[in-house]
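Reviewing the structure listed below.
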Protein chains: 2
Amino acid sequence: MGINAVFEALSHPVRRRILALLKDGPLSAGELAGHFDLTKPTLSVHFNKLRDAELVAVERRGTSLIYHLNTSILEEALAGLLSLKDPET
Amino acid sequence: MGINAVFEALSHPVRRRILALLKDGPLSAGELAGHFDLTKPTLSVHFNKLRDAELVAVERRGTSLIYHLNTSILEEALAGLLSLKDPET
DNA sequence: GCTTTATTTAGATGTTTCTCTAATTAGAGT
DNA sequence: ACTCTAATTAGAGAAACATCTAAATAAAGC
């Protein structure tokens, strides 16, 4: 979906906090939802945006969906930001 | 205005391109507008968001407004992204 | 196969975003 | 003061976003 979707996904504080939670290891949708004062459907929409941007990957374990961070796309975003700053790119 | 406004500002491709143009040196509002197929009022709105986020600073020279990049806020955004990835933060 | 648990998709609503045209402000020069 | 140039603010419309409740899907266990 491209770098556009990545920066779009990063623009919402809830989604950045989701990524921060996943930094320490994979978590299920329900475990993630427990950290927010939002309904599960609302969180599910945020998960979708993160997945569309490929910032997270999802894997099913039984009835649960386990989300985990995709660091390589985070690096792409980092590179994108760096390129706004460094003359050589 | 905080890191929120910064990521919000970075979420639009036109605004990221504005920053990329300013990377090589300050430009006036009109010079920047010349790089886009958008009206000047539209660009002006984008300039405002970048200024609110303090990603750019503006200075008047005669009738022109000169925009230039604020690299320190870009670094804050970089740090914010890094903190989503590194365990130690 | 029915029930339970986990999560998502669908539909609705209010808010925000992006873009345009038209009108306004600000400074410079005559 | 008037005019010209540069850029902005104001107002309007369409599209996208964030959130909720209610309904649907998927896997597991009895």
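Below, chains carry the letters A, B, ... as their sequence lines are ordered, and counting in each starts from 1.
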### Query
Whole Å only: how far is the CZ atom of A:R51 from the P atom of C:dT7?
14 Å
### Query
Taking atom NZ of A:K49 and atom CD1 of A:I18, what is their separation to the nearest 0.5 Å?
12.0 Å
### Task
Indicate the atoms forming the closest heavy-atom contact of A:F7 with B:S11, along with that distance.
O-CB, 3.8 Å
#### Entry: Nearest-neighbour nucleotide for the B:L65 side chain, D:dT21, D:dA7, D:dT19 considered
D:dA7
### Task
Map A:T39 and A:R61 onto DNA chain D by nearest heavy atom, then report which one ends up closer to the 5' terminus.
A:T39
### Summary
Atom CD of B:E59 and atom P of D:dA7 are separated, to the nearest Å, by 13 Å
#### Entry: Sugar-phosphate only, base, or nothing, as touched by B:E31 at under 4.0 Å among non-hydrogen atoms
nothing
## Note on the structure
In whole angstroms, the gap separating C1' of D:dT8 from CG of B:D52 amounts to 14 Å
## Note on the structure
A:F47 has its side chain closest, among D:dT19, C:dT8, D:dA27, to C:dT8
### Query
Within a strict 4.5 Å, meaning less than it, do heavy atoms of the B:E76 and B:V6 side chains meet?
no
### Task
Determine the contact category for B:S64: base if any of its heavy atoms lies under 4.0 Å from a base atom, sugar-phosphate if only primed atoms, P, OP1 or OP2 are that close, otherwise nothing.
sugar-phosphate
### Task
In whole angstrom, give the distance that lies between atom CG of B:N48 and atom C1' of D:dA7.
11 Å
### Message
On the nucleotide D:dC20, are OP1 or OP2 found under 4.0 Å from the side-chain N or O atoms that A:K40 carries?
### Response
no
### Query
Taking atom P of D:dA7 as reference, at what distance in whole Å does atom CG of B:L43 sit?
11 Å
### Message
Is B:H46 close enough to C:dT19 that one of its side-chain N or O atoms is under 4.0 Å from OP1 or OP2 there?
### Response
yes
### Query
In terms of side-chain heavy atoms of B:V45, which of C:dC18, D:dA7, C:dT19 is nearest?
C:dT19
### Query
Crowded around B:R60 CZ? As in, over 12 foreign heavy atoms under 6.0 Å?
yes
### Message
What contact category does B:R15 fall into here, base, sugar-phosphate, or nothing, at under 4.0 angstrom with non-hydrogen atoms?
### Response
sugar-phosphate
### Query
What is the nucleic acid contact for A:F36, judged by heavy atoms within less than 4.0 Å: base, sugar-phosphate only, or nothing?
nothing
## Note on the structure
Between CD1 of A:I18 and P of C:dT7 the distance, given in whole Å, is 13 Å
### Task
Please report, rounded to the nearest Å, how far the C1' atom of D:dA6 is from the CD1 atom of B:I66.
10 Å
### Message
Just N and O in the side chain of A:Y67: are any of them under 4.0 Å from OP1 or OP2 of C:dT8?
### Response
yes
## Note on the structure
When rounded to whole Å, the CZ to C1' distance for the pair A:F7 and D:dA16 reads 20 Å
### Query
In Å, rounded to the nearest 0.5 Å, how long is the span from CZ of B:R15 to CG of B:L55?
10.0 Å
### Query
Within the structure, does a side-chain N or O atom of A:T42 lie under 4.0 Å from either OP1 or OP2 of D:dA18?
no
### Task
Choose from D:dT8, D:dC20, C:dG27 the nucleotide whose nearest atom is closest to any side-chain atom of A:L38.
D:dC20
### Query
Is there a side-chain polar atom (N or O) of B:T63 under 4.0 Å from OP1 or OP2 of D:dC4?
no
### Message
When you compare the side chains of B:N4 and A:R16, does any donor N or O come within less than 3.5 Å of an acceptor on the partner?
### Response
yes
### Summary
Checking C:dT8, D:dC17, C:dA26 against the side chain of A:S44 (C-beta onward), the nearest is C:dT8
